Amino acid sequence: MNVAAASSSSAPLGLLAQPTRFLFFTGKGGVGKTSLSTATAIALADAGRRVLLVSTDAASNLDEMLGVPLSNQPVPVPGVPGLSMLNIDPDNAAEAYRQRVLAQLEATATEDERATVREQLSGACTTEIAAFDEFAALLASEGANAAHTFDHVVFDTAPTGHTLRLLSLPKAWTGFLAGNDRGASCLGPHSGLKMQEARFNAALAALSNPALTTVVLVTRPDPRPMQEAARTAVELRALGLANQRLAINGVFRASQPGQDPVADAIESLGRDAMGQMPDALAQLPRDEVPLRAFDTVGLPALRALLGGGAVPPATPAAAGTALQAEPLAALADALAAKGHGLIMVMGKGGVGKTTIAAALAVGLVQRGHSVHLTTTDTAAHVQSQLDGSLPGLKVGRIDPRAETQAYIDKIMATRGKALDDAGRALLLEDLQSPCTEEVAVFHAFSRVVNEARTAFVVLDTAPTGHSLLLMDATGAYHRQMTQQYQGSAGGAMAKHIITPLMRLQDADMTHVVIVTLPEVTPVSQAAALQEDLRRAHIEPWAWVINKSVAATGTSDPLLQARLAGEQKQCERIAQGLAQRTFVLPWLTEPPVGVDALGGLVTADGLLSH
């Protein structure tokens, strides 16, 4: 069946006209990658194709959108014949990888030798390469998931910075293997890693073939996600992924131009952003998807997103409902009263963590404190958000590349000092493994956590799933240190060890602020993040609802329809999800610059209820 014929009258995505076998949807967190990738997969399946929808995001919400539990095996999606979905689960992938490596050992291997291998394969580095191995198997059309039985494989990826790392791994690992005949210690024996080399090469070939692979850069009509999409386009071309398309999601047109200042301002901002988009995007084939009045959860909404089905009926907003939340200035006041500590701003990609983190940092300086504002996000925007300097505010970044090089230099200067030239060469070769980055970033994170003992540190974290991976590394280090000092000689020392995880669990020192949008998916993911943190014995301190339309007084029918959904989510948060709730309204001007950010946390505030 011709997909173009089936979809051209209803779906705005031009990529459906001649879709390649592999379709990657990537972009800044919160731009709608999951919605568009899922709607595209449904459209292809509705047109008679066999489609596999794959999530590579550790914080995937595909299960909520489709009502199907996530699995690391293809699961048919009820109501969409021909569509199956799977989630590349890092933990399951790591265990399967460990079993494959152990199976490579000789039958004569002792239990001690096997235990050594298991220990080598217990780190977060192994989890990364194992998850990548599952991804590579899909591209190479091999493995237990039998991706070759599908006409199309649609990838819903993690936010941009981490997708770039994922897509760069085939080249990184093929290069590492080509020059390494021993294998990296953190991945186990050489045979365990070498057995994947053919798969990695096949994955690299598939990614680089424009007849097989298309990258869909998803953005909103907003300068920041567009700038990030442009950087991604350039970096992916450098990796050999040249077949790219642009999808602009959430394009808004005022229902009654000139009648509603809020609606006019939203439309104007979008038009300006699209009119001034970077050249790297302007030259790409482009699809525009209108802003919808409904949340894209469930098959009817997902089909309607691309115009392929009836639009779900809108629920009118309740009149005069006030949000049960305080303005952001009250949050800055409450934190300032603590005197010092680590403020971790967390949440799903695209919810406005950087804006909230920067505003809180400026607010704390306004209240007489010295502040270190830093980020663990690979797509760091803190400096551009501030667009200036402020006495008492230090701005930093945990830069993976810089931290990795510093870590390599340190190891070479210590462990490599007593080695001969051949030994140093071998050590340096081992440190060129992509795994070294994870270790280096953890060490940098630990330094920042320690700094908060005597000053304010505001940490703008990477999107949710990857923040949790960093937390997992923190927990692994905690377990390693406490085990190391157990026993007769170290028992007394163990009582005095304070690991980074213990500082994160200290409610007097660490305050986690979860940022969300008043929409069903971000709120659900914020709730899931909160549960993950609680399992690590870290209790979130407050929630911030960002980009609230409730206080704008808009009369636009589309925005009014979205307002009903916002009220429902705010009630959900108020009924037990958050201990403390603060709110920032949707703003007609992006809060860029120290003065604008300071205005968000001033005593008079921007919001009254």
Side-chain angles (χ1 to χ4, degrees), residues 29-30 34 57-65 67 69-70 294-298 315 317-318 321-335 338 342-357 359-360 459-468 471 504-505 507 510-551 562-586 607 609:
T34 300
D57 191 347
S60 175
N61 65 315
L62 270 179
D63 53 344
E64 182 176 27
M65 295 183 69
L70 293 176
F294 48 85
D295 284 319
T296 51
V297 175
T315 303
T321 302
L323 298 183
Q324 299 178 43
E326 297 180 81
L328 207 60
L331 175 56
D333 288 339
L335 291 171
K338 303 291 180 181
L342 175 66
I343 300 164
M344 292 187 69
V345 182
M346 305 183 72
K348 184 183 188 295
V351 296
K353 294 185 300 294
T354 300
T355 297
I356 301 301
L360 290 176
L459 184 62
D460 169 33
T461 68
T464 305
H466 304 280
S467 299
L468 293 175
M471 295 287 216
L504 296 181
Q505 293 169 337
T510 298
H511 297 86
V512 174
V513 176
I514 295 179
V515 183
T516 187
L517 300 178
E519 300 171 12
V520 60
T521 296
V523 171
S524 293
Q525 292 207 328
L529 167 61
Q530 180 160 265
E531 288 307 309
D532 285 332
L533 290 169
R534 284 173 173 167
R535 277 192 287 274
H537 305 291
I538 300 170
E539 182 63 32
W541 193 75
W543 283 40
V544 174
I545 302 170
N546 191 26
K547 296 186 178 179
S548 166
V549 180
R562 292 185 66 84
L563 180 56
E566 173 177 326
Q567 290 175 345
K568 183 177 179 180
Q569 295 310 310
C570 290
E571 290 168 6
R572 179 182 169 195
I573 292 169
Q575 291 168 0
L577 278 181
Q579 294 188 35
R580 304 167 186 82
T581 308
F582 302 88
V583 66
L584 186 65
W586 185 89
L607 197 64
H609 293 293

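Note that this is a predicted model, so its numbers are computed, not measured. One is the number of the first residue; the rest follow in order along the sequence. What's counted below: heavy atoms across the whole structure, side chains too, no hydrogens, waters or symmetry copies.
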_Aromatic ring pairing Trp541/Phe582, orientation class (parallel under 30°, perpendicular over 60°, tilted between)_ =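 Answer is parallel, since the angle falls under 30°.
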
Who passes side-chain contact (heavy atoms from CB on, under 4.5 Å) against [X], sequence neighbours left out?
X	answer
Lys547	Leu517, Trp586
Arg572	Val520, Val523, Ser524, Gln569, Leu577
Ala359	Leu328, Leu597, Leu600, Val601
Ala357	Val345, Leu373, Val458, Asp460

Heavy-atom pair of closest approach, residues [X] and [Y]:
X	Y	value
Pro540	Leu533	CG-CD1, 3.9 Å
Met65	Thr34	SD-CG2, 3.0 Å
Phe294	Arg562	O-NH1, 4.3 Å
Leu584	Asn546	CD2-OD1, 3.2 Å
Ser548	Pro518	CA-CG, 4.4 Å

*side-chain hydrogen bond (donor to acceptor under 3.5 Å, both in side chains) partners of Thr516, counting only residues at least two apart*: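 Checked Thr516 against side-chain hydrogen bond (donor to acceptor under 3.5 Å, both in side chains); zero matches.
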
From [X] atom [atom1] to [Y] atom [atom2], the distance as rounded to the nearest 0.5 Å:
X	Y	atom1	atom2	value
Ile356	Ile343	CD1	CD1	12.5 Å
Glu566	Ile545	CD	CD1	7.5 Å
Ile514	Gln525	CD1	CD	12.0 Å

*For Arg534, enumerate each residue passing the salt bridge (Lys or Arg N to Asp or Glu O under 4.0 Å) test, keeping only those at least two apart in sequence or located in another chain.*
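For Arg534 the salt bridge (Lys or Arg N to Asp or Glu O under 4.0 Å) partners, ignoring immediate neighbours, are Glu531, Glu539.
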
